[in-house]
Amino acid sequence: MNIELTAHFYFKGSGKKKTVNWMEDNPRLQQKEKDSDKVVREIPLTSDEVKQEYRRLFIKHKNEGKSITLEDTDDVVHIIDLTDVRNIELTSKEGNTDAVQADLCTES
């Protein structure tokens, strides 16, 4: 299952909006053994669960004053300083197309 995500970032001051669209291919949550990296099982995530994971991640990085890097469906990399963001609108839905894996990295 592929999940299509869209985030609209609204910036402080200027009020400009930046939209990024990306896809997650078969998103799964990995359960690992205690004190080990051994994966016990993988749990498939729904569209809403993926959206909530990104929501938590965006809030965490915004509170820590970090930037994020997202690669969109057109292979364009976006670096967004979340300290400059006033508001984020995030949507997700199940998609039927081939997915492009989104890379989400923090920038200090």
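These values consider heavy atoms only, across backbone and side chains, with no hydrogens, waters or symmetry-generated copies.
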hydrophobic_cluster_shared for Phe9 and Ile59, side chain cutoff 4.5 Å: no

Minimum side-chain heavy-atom gap Thr73-Met23 below 4.5 Å: yes

Within 6.0 angstrom of Arg55 CZ, more than 12 heavy atoms from elsewhere: no

With sequence neighbours excluded, residues passing salt bridge (Lys or Arg N to Asp or Glu O under 4.0 Å) with Lys38: Glu33

Thr46 and Asp48 side chains, donor-acceptor separation under 3.5 Å: no

Check against side chain to side chain contact (heavy atoms under 4.5 Å, CB included), Leu5 and Glu24: CA-CA 8 Å; Leu5 294 125; Glu24 288 287 339; 3.7 Å; yes

Side-chain touch Arg28/Ile43, heavy atoms, less than 4.5 angstrom: no

Residue pair Phe11 / Asp81, side-chain heavy-atom distance below 4.5 Å: no

Beyond-backbone contact of Val40 with Lys32, side-chain heavy atoms, under 4.5 angstrom: no

Nearest heavy-atom neighbours spanning Trp22 and Glu71: CB-O, 3.6 Å

Intermediate values then yes/no, side chain to side chain contact (heavy atoms under 4.5 Å, CB included), Glu4 and Asn21: CA-CA 7 Å; Glu4 297 176 22; Asn21 299 298; over 6 Å; no

Crowding at NZ, Lys12 (>12 non-hydrogen neighbours, <6.0 Å): yes

Test item: Ile68 and Lys66 side chains (from C-beta on) under 4.5 Å apart, heavy atoms: no

same_hphob_cluster(Val50, Leu29) at 4.5 Å side-chain heavy-atom cutoff: yes

From Lys62 atom NZ to Ser67 atom OG, the distance as rounded to the nearest 0.5 Å: 11.0 Å

Pairwise side-chain contact, Leu82 with Asp84, heavy-atom cut-off 4.5 Å (strictly under): no

Partners passing salt bridge (Lys or Arg N to Asp or Glu O under 4.0 Å) against Arg41 (at least two apart in sequence or in another chain): none

Atom pair CD1 (Ile3) and CD (Glu53), whose distance is rounded to the nearest 0.5 Å: 12.5 Å

Straight-line distance of Thr19 OG1 to His78 NE2, nearest 0.5 Å: 9.5 Å

Side chain to side chain contact (heavy atoms under 4.5 Å, CB included) between Met1 and Glu94, worked out: CA-CA 7 Å; Met1 172 176 55; Glu94 291 184 19; 3.3 Å; yes

Donor-acceptor contact below 3.5 Å, side chain Thr69 vs main chain Ile79: no

Close side-chain approach of Val77 and Leu70, heavy atoms under 4.5 Å: no

Check: Val20 and Ile80 side chains under 4.5 Å, non-hydrogen atoms: yes

Point-to-point distance, once rounded to the nearest 0.5 Å, from NZ of Lys17 to OH of Tyr10: 4.0 Å

Gap separating the CG atom of Asn2 from the OG atom of Ser47, nearest 0.5 angstrom: 11.5 Å

